[in-house]
Amino acid sequence: MTTNNDRLFLITGATGNTGKTTVQLLLERGHWVRAFVHREDDRSRQLAATGAEIVVGDLLHFHDVSAAMRGVSGAYFIYPIAPGLLDATVTFAQAATEAGVRSIVNMSQISAPREAASNQARQHWLAERLLDRTAMLTAHLRPTFFAEWISWWWGRQGDEGVLRLPFGNGRHAPVAAVDQAYVIAAILEKPEPHDRQVYPLHGPVEMDHYGIAEAASRALGIPVAYEPISVEEFADGLASLGASTHLIQHLSNVAIDYQNGVFQGTNNLIEVIGDRSPMTVEEFVIDRRYAFDRNGSRFVPPKSASDSSERRMFSDDENYRTS
Ligand SMILES: NC(=O)c1ccc[n+]([C@@H]2O[C@H](COP(=O)([O-])OP(=O)(O)OC[C@H]3O[C@@H](n4cnc5c(N)ncnc54)[C@H](OP(=O)(O)O)[C@@H]3O)[C@@H](O)[C@H]2O)c1
């Protein structure tokens, strides 16, 4: 690899939605990149093939994280929607501080106020405050729902698509993970102006889920319906598919936040910081057409509670993330 400077960046969640593109962008820009991955698999091998140094570890294991920080100048921290966010944050902060890391970018979320009802969202707020107490240049990202949500909860039977979600008439401007990666890479490259900033990240067009269904319909050329469901029905559906109580508690509460307008709004931070025009929903659906072309879903009514194809999709869908 040819590098344009001697800075080394550590990217956690490197096989995840935002991490993998951040790794690619930094490599393309000639930086050294250490990709922290949870396991060795095809995703990590793809990162290695493009020139990233691969480190396998667990964000909850201090010695893994400490070893990965050696020589690092800037680091991106993400932790999935799972128990352990605060442990992982303290671990990351201590390891980075000991290693003399200069700057960090922290993935939080828009529904992370001090009073958040979701346990995970409140922990995101606490994690932000903890990282603010370090001496490192620190920036927090608070995205609204990712555009990827549309594919995670997508249902299709033949030539009809459906989104069954507990969002009522609430609105947001879906923001693609790839667009967020441009912001993450830009802040890592030049962290000074972003110190102690909290950035809500939005896509280009705010819409409700009727509008999102229409945009998906235009992109795919098939009818797509939005069918609002109750938060309870959503939670029951998640439980029947084997989701953890932590995830159900989080998603149920953010659904209520969503209905109350917490996720709404739009801004131009992807352009201003990331120097990138963010994708519209139509562009996103066209780009991920493979995810929308297959039949099946989590919430299109399964033939029976034990419908095995339904369960298989939930557990094996490589696009599904607990975030
Ligand atoms: N999705 C949304 O709409 C949304 C909106 C706002 C904010 N967010 C925030 O975005 C974050 C998720 O970001 P993302 O979507 O880029 O990530 P992601 O796709 O969910 O990927 C998570 C990554 O972390 C790795 N990982 C999981 N547990 C780990 C552990 N214990 N140690 C080391 N690595 C571990 C996973 O590897 P494996 O797959 O190998 O386990 C994966 O690479 C969450 O904090 C969420 O709150 C999401």
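Numbering of ligands and ligand atoms starts at 1, following listing order. Note that the structure is predicted; figures quoted are calculated from it, not measured.
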Ligand 1 contact on [X] by region, counting heavy-atom pairs under 4.0 Å:
{"X": "Ala82", "value": "neither"}
{"X": "Arg43", "value": "side chain"}
{"X": "Asn17", "value": "both"}
{"X": "Glu148", "value": "neither"}
{"X": "Thr144", "value": "backbone"}

Heavy atoms only: which of [options] lies closest to [atom]?
{"atom": "atom 46 (C) of ligand 1", "options": "Thr91, Val175, Leu201, Ile81", "value": "Ile81"}
{"atom": "atom 32 (N) of ligand 1", "options": "Thr21, Leu251, Thr12, Leu59", "value": "Leu59"}
{"atom": "atom 9 (C) of ligand 1", "options": "Ser118, Ala177, Pro143, Ser108", "value": "Ser108"}

What pairs meet the side-chain hydrogen bond (donor to acceptor under 3.5 Å, both in side chains) rule with one or both residues in residues 77-96, with sequence neighbours excluded?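 Counting only pairs at least two positions apart or across chains, the side-chain hydrogen bond (donor to acceptor under 3.5 Å, both in side chains) contacts touching residues 77-96 are Gln94-Glu98.
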With a cutoff of 4.0 Å, is Lys20 in contact with ligand 1, counting heavy atoms of the residue only?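 Under 4.0 Å: no for Lys20.
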Is Gly57 in contact with ligand 1, taking contact as a heavy-atom separation below 4.0 Å?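 Right, Gly57 reaches ligand 1.
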Ignoring angles and geometry beyond distance, decide whether [X] reaches within less than 3.5 Å of ligand 1 through its nitrogen or oxygen atoms.
{"X": "Asp41", "answer": "no"}
{"X": "Gly16", "answer": "yes"}
{"X": "Tyr76", "answer": "no"}
{"X": "Met107", "answer": "no"}

Looking at Glu283 and Arg288, is there a salt bridge between them, counting it only when a charged N and a carboxylate O are closer than 4.0 Å?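 Salt bridge flag = no for Glu283 with Arg288.
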Can [X] and [Y] be counted as having a side-chain donor-acceptor contact under 3.5 angstrom?
{"X": "Asp132", "Y": "His140", "result": "yes"}
{"X": "Glu128", "Y": "Ser108", "result": "yes"}
{"X": "Glu271", "Y": "Ser277", "result": "no"}

Determine, using the 4.5 Å side-chain heavy-atom cutoff (strictly less than), whether Ile248 and Trp153 are members of one ILVMFWY cluster.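 Hydrophobic grouping puts Ile248 with Trp153.
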Could you list the residues that satisfy salt bridge (Lys or Arg N to Asp or Glu O under 4.0 Å) with Arg122, not counting sequence neighbours?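 Checked Arg122 against salt bridge (Lys or Arg N to Asp or Glu O under 4.0 Å); zero matches.
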Heavy atoms, side chains only, cut-off 4.5 Å: are Phe36 and Val56 in contact?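 They are not in contact (no side-chain heavy atoms under 4.5 Å apart), so the answer is no.
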Name the orientation class of the two ring planes belonging to His209 and Tyr226 (parallel below 30°, tilted from 30 to 60°, perpendicular beyond 60°).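 The arrangement is tilted - the two ring planes meet at 30° to 60°.
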